[in-house]
Number of protein chains: 2
Amino acid sequence: MKDIKHFLRQNSLRPTKQRVIIANYLFDGINKHVTAETLSNKLLKMKAGISLATIYNTLHDFYEKGLLKKLMINSERIYFDTNTEHHHHFYSKNDQKLIDINVDMKVSGLPKPPKNKKINKIEVLVHLDN
Amino acid sequence: MKDIKHFLRQNSLRPTKQRVIIANYLFDGINKHVTAETLSNKLLKMKAGISLATIYNTLHDFYEKGLLKKLMINSERIYFDTNTEHHHHFYSKNDQKLIDINVDMKVSGLPKPPKNKKINKIEVLVHLDN
DNA sequence: TCAATACATTAGAATCGTTCTAAACTGATA
DNA sequence: TATCAGTTTAGAACGATTCTAATGTATTGA
């Protein structure tokens, strides 16, 4: 796709074959949460012969350009989120699945941060049963 | 310590030398956040010759008995928290340090959970700059 | 008290997600 | 279109964690 190439160039990323394929999938307008593994599986199904190393490289390249958000939900794998706006998540441990919470939420009763520290951002993770 | 042995027995854990040493350190009344690595370092300083395997085993044994909470803050290591009450955290990525938030906080504006799912718990992580 | 045994500890190997390496390849540029 | 910086790749390396299986120890019940 032309616009994906343009999009990559705009973000100082050479539109290589692999990056175009991955970007096309990730930025198709539907927000996604992927890990290197889930992305690899998806690409295998699409018969895009992209090596695991490139998948890792590309996710990190995109992350460094601010095209992806990194989520640290559990310590087993790193999730990348195509929704880079500040938002929160439902997390179902059972399904290993994340769901965006796109509504505004307020946290009240927050204590002062420790001396010399400033609050950067507040992350709310809503764990789901079942 | 007598009471630590008793405490371990109460939790169906044999009070072995290693478990007594580790429990004595972890449950000395001061809440702690440890990883296998930080605990290992601490024990090395105390010249308690406890193998890494035992440290992992013990942390998991304590966790399984509900004596520790597992925290998934970043994906590099697993944190164990001696404060097993429901509470939140400040997190300084810079210092790789966690600070308990023990006051009550309220989250408002939460959307309905997805169908057939129930909210288990809400975790608030306050990221600190600097 | 002591032998039997069930449970714990340990060193080192294995595992698994991720990163690194260095050689081959390719998009951009002049 | 030749050059070259940036990219891809297979496979090695890495680091946290788990496993293995041999050795050690707390508990039990006679």
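Each chain gets a letter, A, B and so on, in the order its sequence line appears, and its residues count up from 1.
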Going by the ring-ring contact (aromatic ring centres under 6.0 Å, His included) test, name the single residue among B/Phe7, B/Phe27, B/Phe80 that passes it with B/Phe62.
-> B/Phe27
Between C/dA28 (P) and A/Lys5 (NZ): distance, integer Å = 8 Å
Can a side chain N or O of A/Thr16 be found less than 4.0 Å away from OP1 or OP2 on D/dT8?
-> yes
Does a nitrogen or oxygen in the side chain of A/Gln18 sit under 4.0 Å from OP1 or OP2 of D/dT9?
-> yes
Ignoring hydrogens and geometry, is there a side-chain-to-backbone donor-acceptor pair from A/Lys106 to B/Gly109 under 3.5 Å?
-> no
Under 4.0 Å between a side-chain N or O of A/Arg9 and OP1 or OP2 of C/dG27?
-> no
Provide, to the nearest angstrom, the distance between the CG atom belonging to B/Leu59 and the C1' atom belonging to D/dA16.
-> 13 Å
A/Ser51 side chain near D/dT9 phosphate (N/O to OP1/OP2, under 4.0 Å) | yes
Residue pair A/Lys17/B/Leu52 against DNA chain D: nearer the 5' end by closest nucleotide is A/Lys17
D/dT9 P sits how many Å from A/Asp61 CG, rounded?
-> 13 Å
Find the distance between NE2 (B/His87) and CE (B/Met105) and round it off to the nearest 0.5 Å.
-> 10.5 Å
Plane angle bin for A/His60 and A/Tyr56 - parallel if under 30°, tilted between 30 and 60°, otherwise perpendicular = parallel
For the side chain of A/Arg19, starting at C-beta, report the closest nucleotide among D/dT7, C/dA11, C/dT9.
-> D/dT7
Looking at A/Arg14, does any N or O in its side chain come under 4.0 Å of the phosphate oxygens OP1/OP2 on C/dA28?
-> no
Of the candidates D/dT27, C/dA28, D/dT17, the side chain of B/Pro15 sits closest to D/dT27
Could you tell me whether a side-chain N or O of B/Thr58 sits under 3.5 Å from a main-chain N or O of B/Thr54, the two making a donor and an acceptor?
-> yes
Quick one: is C/dT18 close enough that its OP1 or OP2 comes under 4.0 Å of any side-chain N or O from A/Tyr56?
-> yes
To the nearest angstrom, how far is A/Ile4 atom CD1 from C/dG27 atom P?
-> 17 Å
Atom pair distance, as rounded to whole Å: CD1 in B/Ile50 and P in C/dA11 = 11 Å
Proximal nucleotide (of C/dA28, D/dA16, D/dT9) relative to the B/Glu37 side chain | D/dA16
Calculate the interatomic distance between A/Leu39 atom CG and C/dG17 atom C1'; express it in whole Å.
-> 15 Å
Taking CD1 from A/Ile55 and C1' from D/dT9, how many angstroms apart are they, rounded to a whole number?
-> 12 Å
Euclidean distance, atom CG of residue B/Leu13 to atom P of D/dT25 [Å, nearest integer] | 19 Å
Determine: side-chain N/O of B/His60 to OP1/OP2 of D/dT18, distance under 4.0 Å, yes or no.
-> yes
